[in-house]
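What follows is a short report on a single structure.
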Amino acid sequence: MDAVAWLRERPGGVVLLTLHSTEDLDRLTALCRLRPRPLVVALPSGDLSSLGVQAMRAGARSVLARAATVPALQRAVSATLGGEAVMPADVADLLVAERGGRPSRRSAPSTQQVALLRRLADGWTVSRLASDTGYSERAMYRLLQSLYQQIGVSTRLEAIILAHEEGWFGN
């Protein structure tokens, strides 16, 4: 059975994917386009730094050397299931360097913030959202702008797309 079929039968499963070639990176990209996005631990067999960065860009949640010990693999899987990303320091350094030395500002929204995004996705206006939650319209705009900044986007549409991609709506 292939990984895509396996994940469709078992949403929320973890995939350990060995990376030997560009075809494997393409497979990783395809897996990470599934919704909800699966938890993929990439195991590069070659240049760990270069392949590790490519794997993270493609959507892997964690990266670990293919030759890692069983205890290291167990820790990485456990951390990934716990919502953490695991990667060698060299991979993290390269990813930060790509962003001009600045780490991503994205952090996960709270349950209440996700509820606001869900309503926006359902077509609610900011005015209706403000009225329903007891905020002024101006205060709601500020609250939403703060939320967008927190999750690393600029617009309502980007926020809704990101929420869908990250599975925050629990589809």
Side-chain angles (χ1 to χ4, degrees), residues 7 11-15 17 19 25-42 44 48-64 75-130 132-171:
L7 281 168
V14 174
V15 174
L17 183 64
L19 303 177
L25 282 168
D26 291 342
R27 185 173 297 113
L28 172 61
T29 301
L31 287 174
C32 292
R33 287 187 179 140
L34 295 174
R35 297 299 172 244
R37 187 171 139 202
L39 300 174
V40 178
V41 177
L48 181 60
S49 296
S50 176
L51 281 173
V53 167
Q54 291 176 57
M56 294 302 285
R57 274 196 228 123
R61 293 294 174 115
S62 293
V63 173
L64 194 65
R75 283 191 306 272
V77 168
S78 178
T80 302
L81 283 168
E84 298 176 18
V86 175
M87 70 189 83
D90 290 348
V91 173
D93 289 345
L94 287 171
L95 288 169
V96 170
E98 283 180 358
R99 295 188 152 276
R102 294 181 313 270
S104 172
R105 295 184 59 170
R106 181 180 298 175
S107 64
S110 69
T111 305
Q112 292 170 328
Q113 290 171 319
V114 170
L116 294 175
L117 290 173
R118 163 69 77 187
R119 289 177 180 172
L120 290 172
D122 289 342
W124 284 41
T125 64
V126 173
S127 177
R128 180 177 174 201
L129 198 57
D132 188 68
T133 57
Y135 287 93
S136 71
E137 194 169 331
R138 184 177 189 125
M140 181 54 66
Y141 271 110
R142 275 187 286 217
L143 189 135
L144 290 171
Q145 283 302 316
S146 176
L147 170 58
Y148 301 162
Q149 183 178 16
Q150 173 188 334
I151 63 175
V153 300
S154 302
T155 67
R156 179 185 318 184
L157 180 59
E158 289 174 338
I160 292 168
I161 290 170
L162 179 64
H164 279 288
E165 289 177 348
E166 294 296 326
W168 294 338
F169 294 159
N171 295 345

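What you are looking at is a predicted structure, and each value in this text was computed from that prediction instead of being measured. Numbers here simply count residues along the sequence, with the first being 1.
Taken to the nearest 0.5 Å, the OG atom of Ser127 stands 11.0 Å off from the CG atom of Asp132. Here the straight-line distance linking atom CD of Glu158 with atom CG of Leu162 works out to 9.0 Å at 0.5 Å rounding.
Across Ala130 and Ser136, no two heavy atoms sit closer than the pair CB-O, 3.6 Å. Of all heavy-atom pairs between Arg61 and Met56, the closest is O-CE, 3.8 Å. Across all non-hydrogen atoms, the minimal contact from Trp168 to Ile151 is CH2-CG2, 3.9 Å. Between Leu117 and Ile160, the shortest heavy-atom contact is O-CG1, 4.3 Å. Contact record, Ala55 with Ala42: CB-CB, 3.6 Å, taken as the closest heavy-atom pair.
Under the side chain to side chain contact (heavy atoms under 4.5 Å, CB included) criterion, Leu129 pairs with Leu116, Arg119, Leu120, Trp124, Met140, Leu144, not counting sequence neighbours. Taking Leu34 as the reference, Val4, Leu7, Arg8, Leu31, Pro38 meet the side chain to side chain contact (heavy atoms under 4.5 Å, CB included) condition, with sequence neighbours excluded. Judged as a side chain to side chain donor-acceptor pair (under 3.5 Å), and not counting sequence neighbours, the contacts of Ser110 are Gln113. With sequence neighbours excluded, no residue forms a salt bridge (charged side-chain N to carboxylate O under 4.0 Å, His left out) with Asp26. Arg57 meets the side chain to side chain donor-acceptor pair (under 3.5 Å) test with Glu98; sequence neighbours excluded. Judged as a side chain to side chain donor-acceptor pair (under 3.5 Å), and not counting sequence neighbours, the contacts of Ser50 are Gln54. For the salt bridge (charged side-chain N to carboxylate O under 4.0 Å, His left out) test, no residue two or more places apart in sequence or in another chain qualifies with Arg156. Contacts of Arg33 classified as side chain to side chain contact (heavy atoms under 4.5 Å, CB included), with partners at least two apart in sequence or in another chain: Thr29.
Looking at Val53 and Val63, their side chains never come closer than 4.5 Å, going by heavy atoms from C-beta outward.
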Given the rule in the side-chain contact (heavy atoms from CB on, under 4.5 Å) test, do Thr133 and Leu143 qualify, once you have shown the distances and angles that lead to the verdict? CA-CA 12 Å; Thr133 57; Leu143 189 135; over 6 Å; no

What's the verdict on side-chain contact (heavy atoms from CB on, under 4.5 Å) for Thr155 and Tyr148, showing C-alpha distance, side-chain angles and the deciding distance? CA-CA 7 Å; Thr155 67; Tyr148 301 162; 5.8 Å; no

What pairs of donor and acceptor atoms, side-chain ones from residues 78-92 against any protein atom, are under 3.5 angstrom apart with sequence neighbours left out?
from: Thr80; atom 1: OG1; to: Ser62; atom 2: OG; distance (Å): 2.6
from: Thr80; atom 1: OG1; to: Ala76; atom 2: O; distance (Å): 2.7

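The side-chain hydrogen bond (donor to acceptor under 3.5 Å, both in side chains) analysis of residues 138-147, with sequence neighbours excluded, yields no pairs.
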